[in-house]
Amino acid sequence: MIKRNIATIIRDACEGCKKDGTLPVNTEINPIIEIPREEGHGDYSTNIAFLLAPALKKNPKAIAEDLVQRMDFDASCDKVEVAGKGFINFYVKDAVWQQLLQDAYANGIDTLFPSTGKGKKALIEFVSANPTGPLHIGHGRGAAVGDVLANILSKAGYEVTKEYYINDAGRQIRTLGRSTFLRWQELKGLQVSYEKDLYQGGYIKDLAREIIDKHIDVPPEEEDAVTLMSRFSGDAIMNGIMKDLEDFGVFFDSYYRESGLYGRGVIDSTLSLLREKGYAYENDGALWFRTSAFEKDEDRVLIKSDGEKTYFTSDIAYHLDKFERSYDTLVDIWGSDHHGYIPRLKAAIQALGRNKEDLKVILIQFVSLLKDGKPIGMSTRAGEFTTLREVLDEVGRDAARFFFLMRKSDAHLEFDLDLAVKTSNENPVYYVQYAHARIMSIFRNAAAEGVDAGQLKNADLRLLTQEDEIKLIKGIIHFHDVIEGCARSFEPHRITFYLLDLVGNFHSYYNKTRVLVDDRDLTIARLLLLHMLREVIRSGLSILGVSAPEKM
RNA sequence: GCGCCCAUAGCUCAACUGGAUAGAGUGUUGGACUACGAAUCCAAAGGUUGCAGGUUCGAAUCCUGCUGGGCGCGCCA
């Protein structure tokens, strides 16, 4: 959009320089065009003069001045000026902004979305918690980040699949069965010794009780009983997880079972592929992967000397399988305690013939809960962790999701439960939602005065001349850049900050300017501005999975 | 011992690919509802970006060392 026009203006000026020999013909022109954070520095700014300075051996300011002389910007800018030590600042005409808003209204808000990922397929794998216990608050954060990132990538043109990987083949599922079995024996009145490495949470006892209450037939042999209870417990817990996610507003396109890898022979083909390429070798009776060929990491075991595959092996197979399902971008969302695992998996996908950039791992840092201003213990041991369910019950879906997305995911998140439930100005969720409800209210009043949405198409946006009105228009149009930035950096939190900022400008405008005035034309112009603002707020909230209420 | 992440206003956090005078919220102080919702707004105050060097026209951002916090480092999953 407008940014592209600016780029063209810059390029044309540079081409002019090349023609008369001021600039060597083979000079690369890759200017950075950014929105200056300082409002006094125009709408867009470029550093091109700094980039050319070393080649030309001239000072940036002189280069900038020369370039500006050559620029043909009358169509889009009021002025273009050299500032600081050589920045070139562009001041876009109000009329251009007004036109962009008009276009967005006429063509629909979807035209504001970028096409960064057009033609690309992305698979986002997240949560993927083992079905051995309920989701805790950390999983909740990962779920929110993954879900919203999926929404963002999808808005940016990617074809996105959300996947949950279920580790149903490992030893932990057997441990789960054994835990339930022992609790079950306990309930039957038997003396058992419950080992420390079994699952400690109270939910295990509930499962055992359920088996009794439902009169489920337990085989006499312990082995068979544990097998039955493994399956029963795993399924029951998985159902609980899915219910929690559903209430959290997170839905997956596919659930991929680890056990499925074996049936399809993916493990074997992965191993033979690695052997073929020379990245797998035998040592001490085990099969090793040559991690060190790609990353600064030690070689890792694929098959133990007892013949068992490691978890790493099925993980490589799983990722190979993702690529074979023709995804070109893989996003994995992990708890940050798994960070040490990144190099070996990156090495593995390179061994499979992929670029390391094709796999993007997003680490989710821990969440610490705050209640009455004090931290709540989060020990997973002894089952003392806070579950996602508890947080959801306490603060609701909207606040929970919004709070999870207020931080960069690789930073610790302090989740203040008291603040999240507060129905006041202190709570940022309401700040955004209130703006939406407020706009809706204005439209209800407008309708009562005989102005309806049908009249908006005749709006004359040239009437929007106030500084804060132009600022709001820019905010709306910048939605495009925000989504693009989120999609490029895989950082969903930017959207919450954008919304808070946008909505802040609206609240401020609202307090200063009356929308429904005697001048009918002005009223309609302002209503169109608010209509588009509401569209952006609603769209932004919907990407976050937060509701946009008509009334509050 | 080795590796990864983090350190920004009293507190919680932003700062887009290195960009110009580092921004919000909260808290503190003071102010605005007899017209569209005060769950709102306006104003003031608050900083040597953990410390010390380096690269650069330019560093919160990149590099080196140090301090402090979190997390990893198994033929576990």
Side-chain angles (χ1 to χ4, degrees), chain A residues 30 32 34-38 40-41 45-47 49-50 53-54 59-61 83-87 89 130 132 167 170-173 175 283-288 296-298 300-312 314-315 335-343 363 365-366 368 370 373 406-408 410-414 416 419 422-431 433-435 437-446 448-449 481-482 484-486 488-489 491 493-494 496-498 500-501 504 506-517 523 526 530 551-552:
Chain A
N30 279 321
I32 289 176
E34 57 177 15
I35 299 167
R37 60 178 166 204
E38 197 73 28
H41 293 151
S45 172
T46 182
N47 63 348
F50 293 104
N59 86 63
K61 197 159 187 170
K85 291 177 189 162
F87 291 97
N89 296 338
N130 293 346
T132 54
N167 298 123
R171 195 189 309 171
Q172 79 281 353
I173 206 79
T175 307
N283 191 27
D284 291 341
L287 186 71
W288 295 72
K296 275 169 59 183
D297 194 25
E298 293 159 35
R300 304 287 171 176
V301 170
L302 294 165
I303 298 185
K304 298 184 269 177
S305 47
D306 66 2
E308 285 286 312
K309 298 169 220 36
T310 61
Y311 183 84
F312 181 39
S314 49
D315 240 4
S336 62
D337 51 337
H338 290 86
H339 69 261
Y341 202 70
I342 296 175
L363 295 176
Q365 274 286 0
F366 294 120
S368 39
L370 223 61
M406 283 204 308
R407 299 283 174 270
K408 228 181 331 200
D410 62 359
H412 284 267
L413 168 65
E414 193 160 287
D416 189 334
L419 177 57
K422 248 183 219 171
T423 312
S424 79
N425 54 344
E426 289 168 62
N427 191 331
V429 194
Y430 291 108
Y431 190 70
Q433 290 181 321
Y434 182 56
R438 216 174 202 183
I439 294 174
M440 294 312 290
S441 168
I442 296 173
F443 273 93
R444 283 192 294 272
N445 291 326
E449 290 179 22
D481 302 79
V482 173
E484 193 175 60
C486 288
R488 196 185 45 228
S489 62
E491 289 179 349
H493 74 280
R494 293 192 197 181
T496 50
F497 284 95
Y498 164 75
L500 286 168
D501 182 57
F506 162 72
H507 283 309
S508 172
Y509 172 68
Y510 176 89
N511 271 273
K512 213 166 70 184
T513 309
R514 208 183 141 76
V515 175
L516 306 176
V517 287
T523 298
R526 285 178 176 166
L530 259 55
K551 288 181 187 174
M552 292 171 72

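All values reported here derive from a predicted model rather than from experimental measurement. Below, chains carry the letters A, B, ... as their sequence lines are ordered, and counting in each starts from 1.
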Looking only at side-chain atoms of A:H507, point me to the closest of B:C36, B:C41, B:A60. B:C41
Identify whether a stacking contact exists between A:Y510 and B:C36, where the ring centres must be under 5.5 Å apart and the planes under 30° apart. yes
Between B:G72 and A:H339, is there a base-stacking contact, meaning the centre of the base's six-membered ring lies under 5.5 Å from the residue's ring centre while the planes stay under 30° apart? no
Side-chain heavy atoms of A:F366 within contact of A:D337, under 4.5 Å: yes
Measuring only between side-chain heavy atoms, which start at C-beta, is A:L363 closer than 4.5 Å to A:I342? yes
Look up atom CZ in A:R407 and atom CD in A:E414, then write down how far apart they are to the nearest 0.5 Å. 8.5 Å
Hey, can you tell me if A:Y510 and A:F506 have their rings parallel, tilted or perpendicular (30° and 60° cut-offs)? tilted
Presence of donor-acceptor pair under 3.5 Å, side chain of [X] and base of [N]:
X: A:R514; N: B:A35; value: yes
X: A:T310; N: B:A77; value: no
X: A:N89; N: B:A20; value: yes
X: A:S441; N: B:C36; value: no

May I ask you to evaluate whether [X] reaches the phosphate of [N], defined as a side-chain N or O under 4.0 Å from OP1 or OP2?
X: A:R438; N: B:A38; result: yes
X: A:K304; N: B:C76; result: yes
X: A:K61; N: B:C57; result: no
X: A:Y311; N: B:A77; result: no

Which part of the nucleic acid does [X] contact within heavy-atom distance under 4.0 Å: base, sugar-phosphate only, or nothing?
X: A:S508; value: sugar-phosphate
X: A:T175; value: nothing
X: A:E34; value: base
X: A:A435; value: nothing
X: A:F50; value: base
X: A:K408; value: sugar-phosphate

Rounded to whole angstrom, note down the P distance from B:A7 over to B:A15. 10 Å
A:R526 and A:T513: side-chain donor and acceptor closer than 3.5 Å? no
Would you kindly give the CG-to-C1' distance between A:L287 and B:G74, to the nearest whole Å? 17 Å
Expressed as a whole number of angstroms, how long is the span from A:E298:CD to B:G72:C1'? 12 Å
